[in-house]
Amino acid sequence: MASRRLLTLLPRAAALPSPATRPIITTTRLINSRQYHDSQTQTLQGPLYKHLTTTSKPSPTLQKRAYSSDPPADDNHPSKIYDFSSLQKLISNPSPKVTIIDSREQGELQQTGHIPSAINIPVTTSPDSFFISPEEFEDRFGFPRPAKDQELIFYCKAGVRSRAAAQLAKQAGWEKVGEYPGSWLDWFEKGGAVERS
């Protein structure tokens, strides 16, 4: 009998928000706020939706998704973008003013090879590589650091790490920075020459 009295004293379970109804309550609060109301608001039918309304007006907070090939919104000096054919021309007629940099890890290069004449500066394990002294750079990588007046063209496997490496190089003072967003996957798929170390 005591448990029966206790049940009559407690509020009904349907009145308490459960984890399953919390999203509905939150959505109801958002939709009922002033910014979401307009002439196209409608009420949903049914016992679960008696206080829930919908609107055809899109949320004002939606933003476009950024992809690795999209320049960052705050980028004042965007990188020059290279495609397969322009990079292939550059490799067939090399220039001492341009350095191609593979920003993948050494293990990846051993498995797949790399674009001819590219040097390896892995961005994941050495993100500080453009901020260290030229002497420390040469001790770490075994070759001289590219000069600040050289153009650096970055690539990786799919364009994500190369974007990060290009941004780091810009922050460190390099102004002529390029990217190959298609990166290794595009190069290999299109039959580009492969060099193995």
Side-chain angles (χ1 to χ4, degrees), residues 58-197:
S59 170
T61 59
L62 292 179
Q63 297 178 356
K64 179 183 179 258
R65 179 177 172 176
Y67 294 92
S68 63
S69 60
D70 293 341
D74 61 340
D75 193 3
N76 295 331
H77 304 287
S79 300
K80 183 176 179 182
I81 302 298
Y82 286 85
D83 62 2
F84 176 80
S85 61
S86 59
L87 196 59
Q88 199 169 33
K89 287 176 190 172
L90 188 64
I91 290 169
S92 63
N93 297 317
S95 168
K97 295 181 180 182
V98 177
T99 302
I100 301 170
I101 299 174
D102 190 326
S103 56
R104 297 178 293 163
E105 296 300 313
Q106 185 64 35
E108 292 176 86
L109 271 69
Q110 290 172 349
Q111 290 176 352
T112 62
H114 58 87
I115 294 175
S117 76
I119 61 173
N120 178 233
I121 304 175
V123 69
T124 306
T125 55
S126 299
D128 63 339
S129 58
F130 291 100
F131 297 94
I132 59 178
S133 69
E135 296 79 23
E136 189 177 346
F137 182 95
E138 192 165 353
D139 287 344
R140 186 182 294 180
F141 295 107
F143 51 86
R145 184 173 78 177
K148 290 205 176 187
D149 64 342
Q150 283 185 298
E151 181 179 6
L152 306 180
I153 302 171
F154 292 91
Y155 78 94
C156 59
K157 181 179 179 182
V160 177
R161 289 175 284 180
S162 60
R163 162 121 353 234
Q167 292 302 316
L168 289 170
K170 288 180 198 177
Q171 291 171 7
W174 274 263
E175 293 182 6
K176 299 175 187 173
V177 176
E179 296 174 45
Y180 175 33
S183 284
W184 178 256
L185 293 176
D186 183 58
W187 183 262
F188 187 74
E189 181 182 298
K190 293 182 177 173
V194 176
E195 191 173 276
R196 296 190 184 271
S197 311

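Note that the coordinates shown come from a computational prediction; the quantities given were computed from them, not determined experimentally.
- A salt bridge (Lys or Arg N to Asp or Glu O under 4.0 Å) check over residues 103-113, counting only residues at least two apart or in different chains, returns the pairs Asp102-Arg104, Glu108-Arg161.
- Using a 4.5 Å cut-off on side-chain heavy atoms (C-beta onward), Ile153 and Thr99 make no contact.
- Under the side-chain hydrogen bond (donor to acceptor under 3.5 Å, both in side chains) criterion, the residue pairs touching residues 182-195 are Tyr180-Asp186, Asp186-Lys190, with sequence neighbours excluded.
- Ring orientation note: the planes of Phe130 and Phe137 are tilted relative to one another, at an angle of 30° to 60°.
- Contact of the Ser126 side chain with the Phe141 side chain is registered, since non-hydrogen atoms from C-beta on lie closer than 4.5 Å.
- Using a 4.5 Å heavy-atom threshold, the side chains of Tyr155 and His114 count as touching.
- Just one residue in the list Leu168, Ile101, Val123, Ile121 forms a side-chain contact (heavy atoms from CB on, under 4.5 Å) with Ser129, and that residue is Ile121.
- A donor-acceptor pair under 3.5 Å links the side-chain atoms of Lys148 to the main chain of Ala172, judged by distance alone.
- By the 4.5 Å heavy-atom criterion applied to side chains, Ser85 and Leu87 are not counted as neighbours.
- A side-chain donor-acceptor contact under 3.5 Å links Gln150 to the backbone of Ala147.
- Judged as a salt bridge (Lys or Arg N to Asp or Glu O under 4.0 Å), the pairs with a partner in residues 131-143 (not counting sequence neighbours) are, in order, Asp128-Arg140, Glu136-Arg140.
- Looking at Glu179 and Ser162, their side chains never bring a donor and an acceptor atom within 3.5 Å of each other.
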